[in-house]
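Atom set for the values below is all heavy atoms of this structure, side chains included, hydrogens, waters and symmetry mates excluded. As the structure lists them, so they are numbered: ligands from 1, and atoms in each ligand from 1.
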Amino acid sequence: MKSQLLTYVLCLTFFGMLSQSPIIIPGTIESTNVNLTLQNSTFQFFSGEDTSTMGVNGPVLGPTLIVNNGDNMNINITNNLGEDTTIHWHGMHVPAASDGGPHTVIGAGQTWNPQFQVKDKASTYWYHPHLLNQTDEHVSKGVSGFIIVRDTEEAALNLPRTYGVDDFPLAVQTKSFDNSYQIQANVNDDDVLMVNATINGQLDVPAQVVRLRLLNGSSQRTFNFGLTANRTFQLIGTDGGLLNAPVTLTRLPLSPGARAEVLVDFTTLQGQSIHLMSYASELPDANYGATYPGNSPNKPLDGYNPNALNGADFNILQMDVVAQTASPITTIPTTLSNDVPLAEVTADETRPFTFEPLTPGLQQLNGDFSINNTTMDMNVINETVPLNNTEIWTFQNNSAIAHPFHIHDVQFYILDINGNPPPPYLQGRKDTFLVPSGGTARFITKFEDYFDETIPYMYHCHMLKHEDAPAGMMGQFLVVDQTAGLEDLELPKDAILYPNPSKGTYMTVRLQKPSETINAYSIINQLGQIVQNQKIHKNKKNNTLTFPIFQLAQGHYFIKVFTQDRIITKKFTKNH
Ligand code: C2O
Ligand code: CU
Ligand code: CU
């Protein structure tokens with residue numbers, strides 16, 4: 001689609017030469033009982049050309065779910081795609097069993113019925129498939145939708161919130177089409193830009209304060225949002241909630257998976273056209289979407305160039321300012337929320353993550369990439385997090401491209417990027433953020449409410465090509481309640497703990513199966529307090545753990561041993 005796209009971009013330099021299409025505004029479901037049907041269909045992204053798609057209750061995209069904090073959701077998702085998929089509630093804090101990660105497959109013809117309470121703050125979330133190795137294919141072909149969460153705090157503010165009138169969801173995506181207008185996944189020539197599945201989109205906006213809910217739903221591309229004529233706008237919310245006060249911006253970089261809510265004041269602009277742009281020429285190298293996707297022009301990325309969108313300033317949406325609505329919002333509140341970020345000193349634990357290319361060298365941008373030297377394996381739990389832990393996750397990106405890191409279950413606060421405090425637009429509640437190439441970053445978060453000893457949550461790069469196979473840049477973590485069910489269980493026949501009781505300095509747990517790997521253990525005292533919590537990085541014998549007890553005061557303790565598929569709890573005694 002290269003030549004066609006080039007013409008399209010050239011035309012856009014003379015605004016109005018190319019016909020604009022009003023963007024689709026997805027329908028809404030405003031109920032706690034939601035029925036979604038995933039279906040194959042066709043859709044004309046290009047007029048007269050049928051493209052095969054996957055959609056939700058329609059040919060492409062899905063309805064916007066409008067829900068309230070506290071709602072008890074009962075969702076039925078019927079999969080008529082003829083193949084497996086999953087549906088994940090990106091950014092929402094839900095039990096692992098309802099999270100829709102790769103473990104929760106909805107088979108062809110089946111219906112999945114997740115039920116959960118909405119515990120999130122008012123913000124913009126989204127749902128999309130998350131099948132192992134096929135996330136990009138299912139998302140690119142069209143399955144995704146918005147979730148708007150409302151709460152009493154947000155409802156009390158004088159903000160635009162009439163859906164489709166002064167409050168617009170904008171799913172901004174680039175896709176790659178082959179010569180027969182079919183969508184290609186897991187490629188780097190995504191040169192067709194669309195907003196809500198509409199190419200060359202146009203939107204009538206009333207001459208008042210308007211809210212745009214921006215979602216970067218692209219597989220890989222980062223956008224650098226701005227308005228023509230360098231007009232300012234107000235950022236009011238990040239991924240997981242309102243900022244405490246609006247931030248005035250002229251540019252807003254947004255990585256794949258991330259959302260932002262902005263207010264634009266069109267009050268005095270009736271009759272004018274304002275364009276939402278991406279000023280990608282200003283993106284630093286080593287970002288997908290910049291002129292060079294790597295931190296050196298010599299690093300090639302297959303299919304990346306030529307692509308008229310890379311390193312260029314391009315139009316995303318033409319907004320034509322029309323008459324005011326009745327009772328318009330014409331002012332912007334000066335305060336929005338009262339959210340207190342977690343303090344660094346409250347952290348119980350720090351967990352390091354390092355990103356590396358699997359094949360270093362000039363071709364390294366083509367991946368695959370590892371996290372802590374491993375790639376996605378459904379059978380390995382990479383991290384075990386105690387319920388109610390406050391944790392700092394640290395990142396070292398030893399690859400030549402920036403990666404948008406995303407974690408399920410929680411929202412986090414960025415502590416620093418390359419040692420500096422985050423810019424204002426990254427200071428709110430986030431679930432996805434870019435870890436710069438060759439750089440470092442840290443965030444703090446708390447793992448509350450939900451635990452599950454078997455179903456993990458995921459963390460991964462939200463560049464879907466990186467997340468997918470062959471070697472997915474993704475890992476899984478369990479949140480476990482280490483104080484629940486503490487009893488002196490009989491050890492399974494294939495496990496031994498010795499010497500017990502002991503006056504010595506070490507004890508050993510041995511499992512009979514050499515293939516069973518001990519990933520972590522915790523020692524818990526009789527008050528249920530964790531006195532030691534250790535991840536096993538390298539172990540000579542995977543099935544054997546020798547752990548120190550010399551530091552323990554005399555008394556009774558429990559040890560919890562975490563393997564790839566079970567948790568063994570046993571009481572032991574330290575004597576003096
Ligand atoms: Cu938006 Cu794990 O996904
Ligand atoms: Cu997610
Ligand atoms: Cu990545």
Colleague: Under a plain distance cut-off of 3.5 Å, with no hydrogens placed, do Ser140 and Ser219 share a side-chain donor-acceptor pair?
Modeller: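 Short answer, yes.
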Colleague: Tell me the angle that NE2 of His462 and ND1 of His90 form around atom 1 (Cu) of ligand 1, rounded to 10°.
Modeller: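 The two atoms form an angle at the metal of about 100°.
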Colleague: Could you tell me whether atom 2 (Cu) of ligand 1 has an N, O or S atom of His88 under 2.8 Å away?
Modeller: no
Colleague: Going by atom types only, do Gln411 and Asp431 share a side-chain donor-acceptor pair under 3.5 Å?
Modeller: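 Yes.
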Colleague: Within the 3.5 Å criterion, strictly below it, is a donor on Ser399 or Asn397 matched to an acceptor on the partner's side chain?
Modeller: yes
Colleague: Restricting to N, O or S atoms, which atom of His128 is closest to atom 1 (Cu) of ligand 1?
Modeller: NE2
Colleague: What do you get for the angle at atom 2 (Cu) of ligand 1 between NE2 on His460 and NE2 on His130, to the nearest 10 degrees?
Modeller: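 Here the angle at the metal atom is close to 100°, to 10°.
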Colleague: Restricting to N, O or S atoms, which atom of His466 is closest to the Cu ion (ligand 3)?
Modeller: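 Among the N, O or S atoms of His466, the one closest to the Cu ion (ligand 3) is ND1.
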Colleague: Going from CZ on Arg429 to CZ on Phe412, what distance comes out if it is rounded to the nearest 0.5 angstrom?
Modeller: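 Rounded to the nearest 0.5 Å, the CZ-CZ separation comes to 11.0 Å.
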Colleague: Apply the test side chain to side chain donor-acceptor pair (under 3.5 Å) to residues His138 and Thr85: give CA-CA distance (whole Å), side-chain angles for both, the deciding distance (0.1 Å), then the verdict.
Modeller: CA-CA 8 Å; His138 293 173; Thr85 194; 2.9 Å; yes
Colleague: Starting from the Cu ion (ligand 3), look over the N/O/S atoms of His403 and name the nearest one.
Modeller: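 The nearest such atom is ND1.
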Colleague: Does any donor atom in the side chain of Thr222 or Asn287 lie under 3.5 Å from an acceptor atom in the other side chain?
Modeller: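 No donor-acceptor contact under 3.5 Å links the two side chains.
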Colleague: For a distance under 2.8 Å, tell me if His462 has an N/O/S atom near the Cu ion (ligand 3).
Modeller: no
